[in-house]
Amino acid sequence: MFPRGVPVRIAVIYEPGKRIKPVWFELNRRQYRIVETTYQWKDKVGETSFLHYAVSDGQSLYELIFNPLDQTWTLNTQHTE
């Protein structure tokens with residue numbers, strides 16, 4: 001289990017007319033390949049809209065959050081299946 005709000009390095013695919021697709025993220029020098037995005041949503045804090053992605057590496061479910069204001073990604077939660 002990881003602490004909440006941990007900054008992560010991430011690779012995403014941007015396709016015109018489609019949503020952002022997370023491909024992998026890296027934490028503590030370990031790379032987690034994303035095999036499925038199960039859900040995505042937005043929430044707003046003040047004037048900033050955050051993008052949330054529930055993703056799976058086939059073993060665990062993770063919540064990744066994108067802050068468009070400073071272009072950072074954080075890992076918010078992890079749930080092991």
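Fair warning: this is a prediction, and the values are worked out from it, not measured in the lab.
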* To do: Could you tell me which residues satisfy side chain to side chain contact (heavy atoms under 4.5 Å, CB included) with Thr72, sequence neighbours excluded, listed by chain and number?
  => Asn67, Asp70

* Where the side chain of Thr74 meets the backbone of Pro7, is there a donor-acceptor pair that is under 3.5 Å apart? -> no

* Same apolar cluster (I L V M F W Y, side chains within < 4.5 Å links), Val23/Ile20 -> no

* Pairs meeting criterion side chain to side chain donor-acceptor pair (under 3.5 Å) with involvement of residues 43-55, two or more places apart -> Asp43-His52, His52-Glu63

* Counterpart residues, side-chain hydrogen bond (donor to acceptor under 3.5 Å, both in side chains), relative to Arg9 (two or more places apart) -> Glu26

* Can you name the closest pair of heavy atoms from Val35 and Asp57 and give their distance? -> CG2-C, 3.7 Å

* Structure fact -> Looking only at heavy atoms, the pair that brings Ile34 and Pro22 closest together is CD1-CB, 3.5 Å

* Any Val55 side-chain heavy atom under 4.5 Å of Leu64 side chain -> yes

* Asked: With sequence neighbours left out, what residues match Gln31 under side-chain hydrogen bond (donor to acceptor under 3.5 Å, both in side chains)?
  -> Arg33

* To do: Group every Ile, Leu, Val, Met, Phe, Trp and Tyr by side-chain heavy-atom contacts under 4.5 Å, then state whether Leu75 and Phe50 land in the same group.
  => no

* In chain order, what residues pass the salt bridge (charged side-chain N to carboxylate O under 4.0 Å, His left out) check against Lys42, with sequence neighbours excluded? -> none

* How many angstroms lie between CZ in Arg30 and CH2 in Trp24, if you round to the nearest 0.5 Å? -> 13.5 Å

* Pairwise side chain to side chain donor-acceptor pair (under 3.5 Å) hits with a residue in residues 11-22, at least two apart -> none

* Say you draw a straight line from CD1 of Ile10 to CG of Leu27; how long is it, rounded to the nearest 0.5 Å? -> 11.5 Å

* **Close aromatic pair by centroid cut-off 6.0 Å: Tyr62 and Tyr32** => yes

* **Ser56 side chain vs Gly58 backbone, donor-acceptor pair below 3.5 Å** => yes

* Would a hydrophobic clustering, with Ile, Leu, Val, Met, Phe, Trp and Tyr connected at side-chain separations under 4.5 Å, put Val12 with Ile65? -> no

